[in-house]
Asks: 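Dropping the structure in here first, questions after.
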Amino acid sequence: MADRPRGRRDPVRKIEVVPSILSADIARLGDQVREAVAAGADRIQVDVMDGHFVPNLTFGPLVVEAVRRVTDIPIEAHLMVERPELFIEAFAKAGATLIEVQVEATTSLFRTVESIKEHGADAGVAINPATSIEALREILPYITLINVMTVEPGFGGQKFIAHSPDKIRRLRAMAPGIEIEVDGGIDAESAPLAVKAGATVLVAGSSVFGHKQGIEAGITALRSAIG
């Protein structure tokens, strides 16, 4: 059987849940990643922030290496950094299987996407809430996934932006086969709205790692909400 084309989804494919370690207890990172994997996480997201493109500092390649040591499921590195093209090789070598770059952060998006693939990872791009989906049209044939930011990037625990489902719907109409990821404020209330609009991947931080009944309950709540 032929391989499924990159970036194209099967009609019956399940919705993926991707816990973001931005909201994890870093002192217990290994244990918390293991809990998320045992609870059915489809992959783990590592949010990379440089204090310039976004007003926060977070993780580097060494954290990806640490996550890779405790799990063999896919790891995505979301590079919210200026000049992401400078960091592709390091994150690919650290074990990231999917690398996302912000459309707004580079003037050489095509070259950056090609570099991601040359280093053996799947390529994704992310767009901020105020960025038009038209900024994606020319890059669509070359990427696996689009991350629609449903909060302003930089900090966890923010509220889902209300107009996000409309943007997701318009993007789904423009790119009917590609994976659409949503990231920011995703919980049992917002997840069904995003999925109904056409999202296929849910990134969740505080609603998973900060759930009052634990990580497994957080993932279960998301899956129950989307049916």
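Quick caveat: nothing in here was measured; it's all calculated off a predicted structure. Only this structure's heavy atoms are used, side chains among them; waters, hydrogens and symmetry mates stay out.
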Asks: Hey, is the main chain of G185 close enough, under 3.5 Å, to the side chain of S190 for a donor-acceptor pair?
Replies: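 The answer is yes, because a donor-acceptor pair under 3.5 Å joins these two groups.
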Asks: From I178 CD1 over to L140 CG, what is the distance, rounded to the nearest 0.5 angstrom?
Replies: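 So the CD1 of I178 and the CG of L140 are separated by 5.5 Å.
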Asks: Quick one: do E114 and R111 satisfy salt bridge (charged side-chain N to carboxylate O under 4.0 Å, His left out)? Show the steps, please.
Replies: CA-CA 5 Å; E114 289 300 291; R111 186 182 308 134; over 6 Å; no
Asks: Test of understanding: clusters of I, L, V, M, F, W, Y form through side-chain heavy atoms closer than 4.5 Å, transitively. Do V151 and V48 belong to the same one?
Replies: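 V151 does not cluster with V48.
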Asks: Donor-acceptor pair, distance only, cut-off 3.5 Å: does the side chain of R172 make one with the backbone of A175?
Replies: yes
Asks: Are there more than 12 heavy atoms of other residues, nucleotides or ligands under 6.0 Å from atom CZ of R83?
Replies: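 Counting neighbours around CZ of R83, 12 or fewer heavy atoms of other residues, nucleotides or ligands fall under 6.0 Å, so no.
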Asks: Are any non-hydrogen side-chain atoms of I146 and V148 less than 4.5 angstrom apart?
Replies: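 They are in side-chain contact.
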Asks: Which atom pair, heavy atoms only, marks the closest approach of H119 to S115?
Replies: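 Heavy-atom minimum between the residues: ND1-O, 2.8 Å.
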Asks: Quick check: are there more than 12 heavy atoms from other residues, nucleotides or ligands sitting under 6.0 Å from CD of Q158?
Replies: yes
Asks: What donor-acceptor contacts under 3.5 angstrom involve side-chain atoms of residues 56-66, with partners at least two apart or in another chain?
Replies:
residue: N56; atom: ND2; partner: G154; partner atom: O; Å: 2.8
residue: T58; atom: OG1; partner: D47; partner atom: O; Å: 2.7
residue: T58; atom: OG1; partner: M49; partner atom: N; Å: 2.8

Asks: For A221 and A188, work out which heavy atoms get closest and say how close.
Replies: O-CB, 4.2 Å
Asks: State which residues pass side chain to side chain donor-acceptor pair (under 3.5 Å) with T220; sequence neighbours excluded, sorted by chain then number.
Replies: none
Asks: I180, L109: one ILVMFWY side-chain cluster at the under-4.5 Å cut-off?
Replies: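 Yes, it is one cluster - the side chains of I180 and L109 are joined through contacts under 4.5 Å.
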Asks: Once rounded to the nearest 0.5 Å, what's the spacing between atom CD of E179 and atom CD1 of I143?
Replies: 11.0 Å
Asks: Minimum heavy-atom separation for A41 and I73, please, with both atom names.
Replies: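 The answer is O-CD1, 3.8 Å.
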Asks: Kindly write out the residues that satisfy side chain to side chain donor-acceptor pair (under 3.5 Å) with R137, not counting sequence neighbours, or none if the list is empty.
Replies: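 Checked R137 against side chain to side chain donor-acceptor pair (under 3.5 Å); matches are E134.
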Asks: Could you give the distance from CD1 (I88) to NZ (K117), rounded to the nearest 0.5 Å?
Replies: 12.5 Å
Asks: Does L136 share a hydrophobic cluster with I161, counting links as ILVMFWY side-chain heavy atoms below 4.5 Å and allowing steps through other members?
Replies: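 No, it is not one cluster - the side chains of L136 and I161 are not joined through contacts under 4.5 Å.
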Asks: Would the distance check show the side chain of D183 and the main-chain N or O of M149 forming a donor-acceptor pair, the cut-off being under 3.5 Å?
Replies: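 No, the answer is negative, given that no donor and acceptor are paired below the 3.5 Å cut-off.
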Asks: What's the spacing between I219 CD1 and H211 NE2 if we round to 0.5 Å?
Replies: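 It comes to 10.5 Å.
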Asks: Could you pull out the closest heavy-atom pair between S23 and S206, with the gap in Å?
Replies: OG-N, 3.1 Å
Asks: With sequence neighbours left out, write down each residue that passes salt bridge (charged side-chain N to carboxylate O under 4.0 Å, His left out) with D31, or none if nothing qualifies.
Replies: R34
Asks: To the nearest 0.5 Å, tell me how far L145 CG sits from E16 CD.
Replies: 8.5 Å
Asks: With side chain to side chain contact (heavy atoms under 4.5 Å, CB included) as the criterion, how do V201 and R43 come out once you've worked through the C-alpha distance, each side chain's angles and the decisive distance to 0.1 Å?
Replies: CA-CA 10 Å; V201 183; R43 59 179 178 264; 3.6 Å; yes
Asks: Would you be so kind as to tabulate the donor-acceptor pairs closer than 3.5 Å made by side chains of residues 90-105, with sequence neighbours excluded?
Replies:
residue: K93; atom: NZ; partner: E89; partner atom: OE2; Å: 2.9
residue: T97; atom: OG1; partner: I75; partner atom: N; Å: 2.9
residue: T97; atom: OG1; partner: I75; partner atom: O; Å: 3.0
residue: E100; atom: OE1; partner: N147; partner atom: ND2; Å: 2.9
residue: Q102; atom: OE1; partner: H78; partner atom: NE2; Å: 2.8
residue: Q102; atom: NE2; partner: E104; partner atom: OE1; Å: 2.7
residue: Q102; atom: NE2; partner: N128; partner atom: OD1; Å: 3.1
residue: E104; atom: OE2; partner: N128; partner atom: N; Å: 2.8
residue: E104; atom: OE2; partner: T131; partner atom: OG1; Å: 2.5

Asks: For V208 and A204, work out which heavy atoms get closest and say how close.
Replies: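 Shortest heavy-atom separation between V208 and A204 comes out as CG2-CB, 3.8 Å.
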Asks: Rounded to the nearest 0.5 Å, what's the gap from OG on S132 to CG on L171? Could you check?
Replies: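 One gets 10.0 Å once the value is rounded to the nearest 0.5 Å.
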Asks: Got a sec, which residues hit side chain to side chain contact (heavy atoms under 4.5 Å, CB included) with H52, two or more places apart in sequence or on another chain?
Replies: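 With sequence neighbours excluded, H52 shows a side chain to side chain contact (heavy atoms under 4.5 Å, CB included) to D50, E82, given in chain and number order.
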Asks: What about V125 and I127, same hydrophobic cluster or not, with Ile/Leu/Val/Met/Phe/Trp/Tyr joined at side-chain heavy-atom distances under 4.5 Å?
Replies: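 Linked within one cluster.
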Asks: Could you report the tightest heavy-atom contact between V182 and A194, atom names first, then the distance?
Replies: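 Of all heavy-atom pairs spanning V182 and A194, the closest is CG2-CB, 3.8 Å.
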